[in-house]
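As structure tokens, the structure follows; a few thoughts come after it.
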Amino acid sequence: MPELPEVETIKNGLLYLKGQTISQITIKSSHCLRPHPDRFIQFRPRQVKNITRRGKLLIFVLERNLFLIFHLKMTGKLFLNPPSPYPKHTHLIFKFAQGQTLIFQDTRKFGFVCLFTSQELKTWPFWKDLGKDPLRIAWEDFKKLFTSQAQVKSLLLNQKILAGIGNIYADESLFLAGIHPQTKANQIPAAKLKKLYTALQKVLQKAIQLGGSSFRDYVDSLGQKGKFQEQFWVYGRYGKPCLQCQTTLEKIKVCGRTSTICPQCQRLYL
DNA sequence: CGTGCGGCCTGAATGC
DNA sequence: TGCATTCAGGCCGCAC
């Protein structure tokens, strides 16, 4: 469930590991390791030069041309200095020379961890094809993305088009823009599209300010819950009244995912 | 090529 | 109470 704001929050919480040295990696289970577990077994100490985010990816830039990359998918978590015993489904333990411990834990095992050189990174399809960051894209470039007949929600969730948006922020931004998720992308009037652009930025910025959304079980690297779930207009609120017009919010399936919409506030363009 | 859908995985919630 | 089923959704791979 960690989307852009959650990964950004995790990154910010880990930033002080910058400059520290990963001295040892302990593997509890190797299914999540890319390109191969050997890479992790043979790991030798390296300093962390920087910690960044791209879409939903969390990236540790290590010295001597190595990138440690996490994708948390649904239930992946990073915990800094967790109390012992470590939680069930802890897969990796990173020991730092300065005494810190970072663990990677993932109940559903969807997440993965990579050790890539810059050359490998460049050819990794997921990296190579990753779309623009919705917080850094200009309006002129944003509107050019909406030229297909795809349902607007599937377009927002497509990481090759925009990187970092998941179900929560797609539903929230579409509600704020007054657009039905099944609207065809190329049928959205320009003014509405501008509204979507603004809504996305607003929603993501606000969520980052509030430390992300803890709707199910998201917590940051220090085990802190986010607060943005208290600001949800629609996500997970089906059956409850719309906060703008009191109409009962509906749950529908769009591109295989649950979407919560206000049938009154969100207009469908076909 | 673009789109839609099943599979991956576990645990919580729901149904009977 | 207890067992079975459904659901959560990011991304890949396959079918159409």
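In the text below, chain A, chain B and the rest are named by the order of the sequence lines, each starting its count at 1. Please read these numbers as outputs of a predicted model, since none were measured by experiment.
- Using bins of under 30°, 30° to 60° and over 60° for the plane-to-plane angle, the ring pair A:Phe112/A:His71 lands in the tilted bin.
- Remark: A:Thr258 is in phosphate contact with C:dA8, judged by side-chain N or O atoms under 4.0 Å from OP1 or OP2.
- In this structure the side chain of A:Arg237 reaches within 4.5 angstrom of the side chain of A:Leu243, judged on heavy atoms.
- Comparing the same atom, P, in B:dC1 and in C:dC11 gives a spacing of 22 Å after rounding to whole Å.
- Contact annotation for A:Gly166: backbone-only contact, meaning every heavy-atom pair under 4.0 Å involves sugar-phosphate atoms and none involves a base.
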- Query: Can you give one letter per nucleotide of nucleotides 11-16 of chain C, going 5' to 3': B for a protein heavy atom under 4.0 Å from the base, S for sugar-phosphate only, - for none?
  - Reply: BS----

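- A chain of hydrophobic side-chain contacts below 4.5 Å, direct or via other Ile, Leu, Val, Met, Phe, Trp or Tyr residues, connects A:Leu4 to A:Phe232.
- Of the side-chain N and O atoms in A:Thr75, none sit less than 4.0 angstrom from OP1 or OP2 of C:dA8.
- Closest to the side chain of A:Lys88, out of B:dG11, B:dT3, C:dA8, is B:dG11.
- Regarding A:Arg108, its CZ atom lies at a distance of 6 Å from the C1' atom of B:dT10, rounded to whole Å.
- Tracing side-chain contacts under 4.5 Å through hydrophobic residues (I, L, V, M, F, W, Y), one reaches A:Phe40 starting from A:Phe70; they form part of the same cluster.
- Atoms CG (A:Asn158) and C1' (B:dG2) sit 10 Å apart, rounded to a whole Å.
- Going from atom NZ of A:Lys184 over to atom P of B:dT3 covers 9 Å, rounded to whole Å.
- Distance A:Gln229 CD to C:dA8 C1': 16 Å, rounded to the nearest Å.
- Here A:Lys109 reaches the OP1 or OP2 of B:dT10: one of its side-chain N or O atoms lies under 4.0 Å away.
- Looking at every heavy atom in both residues, A:Tyr197 comes nearest to A:Gln201 through O-CG, 3.0 Å.
- Smallest separation of non-hydrogen atoms from A:Asp171 and A:Lys153: OD1-NZ, 2.6 Å.
- Donor-acceptor pairing under 3.5 Å is lacking for the side chains of A:Asn65 and A:Thr117.
- Atom CD of A:Gln151 is separated from atom P of B:dG2 by 16 Å (rounded to the nearest Å).
- C:dT1 and B:dG11 are spaced 22 Å apart, taking the P atom of each and rounding to whole Å.
- The side chain of A:His89 contributes an N or O atom lying less than 4.0 Å from OP1 or OP2 of B:dG11.
- The salt bridge (Lys or Arg N to Asp or Glu O under 4.0 Å) test applied to A:Arg64 returns no partner, not counting sequence neighbours.
- Counting only Watson-Crick and G-U wobble pairs whose two distances sit under 3.5 Å, DNA chain B takes part in these stems of three or more pairs: B:2-8 with C:10-16, B:10-16 with C:2-8.
- Per the geometry, CG belonging to A:Asn186 stands 14 Å off C1' belonging to B:dT3, to the nearest Å.
- Put simply, NZ on A:Lys77 is 14 Å from P on B:dT10, counting in whole angstrom units.
- The distance between atom CG of A:Leu72 and atom P of B:dC9, rounded to the nearest whole Å, is 18 Å.
- Ring planes of A:Phe104 and A:His91: tilted class, angle from 30 to 60°.
- Taking the P atoms as reference points, B:dG7 lies 15 Å from C:dT5, given to the whole Å.
- Under the side-chain contact (heavy atoms from CB on, under 4.5 Å) test applied with A:Leu80, the options A:Ile103, A:Leu102, A:Asp220 reduce to a single match, A:Leu102.
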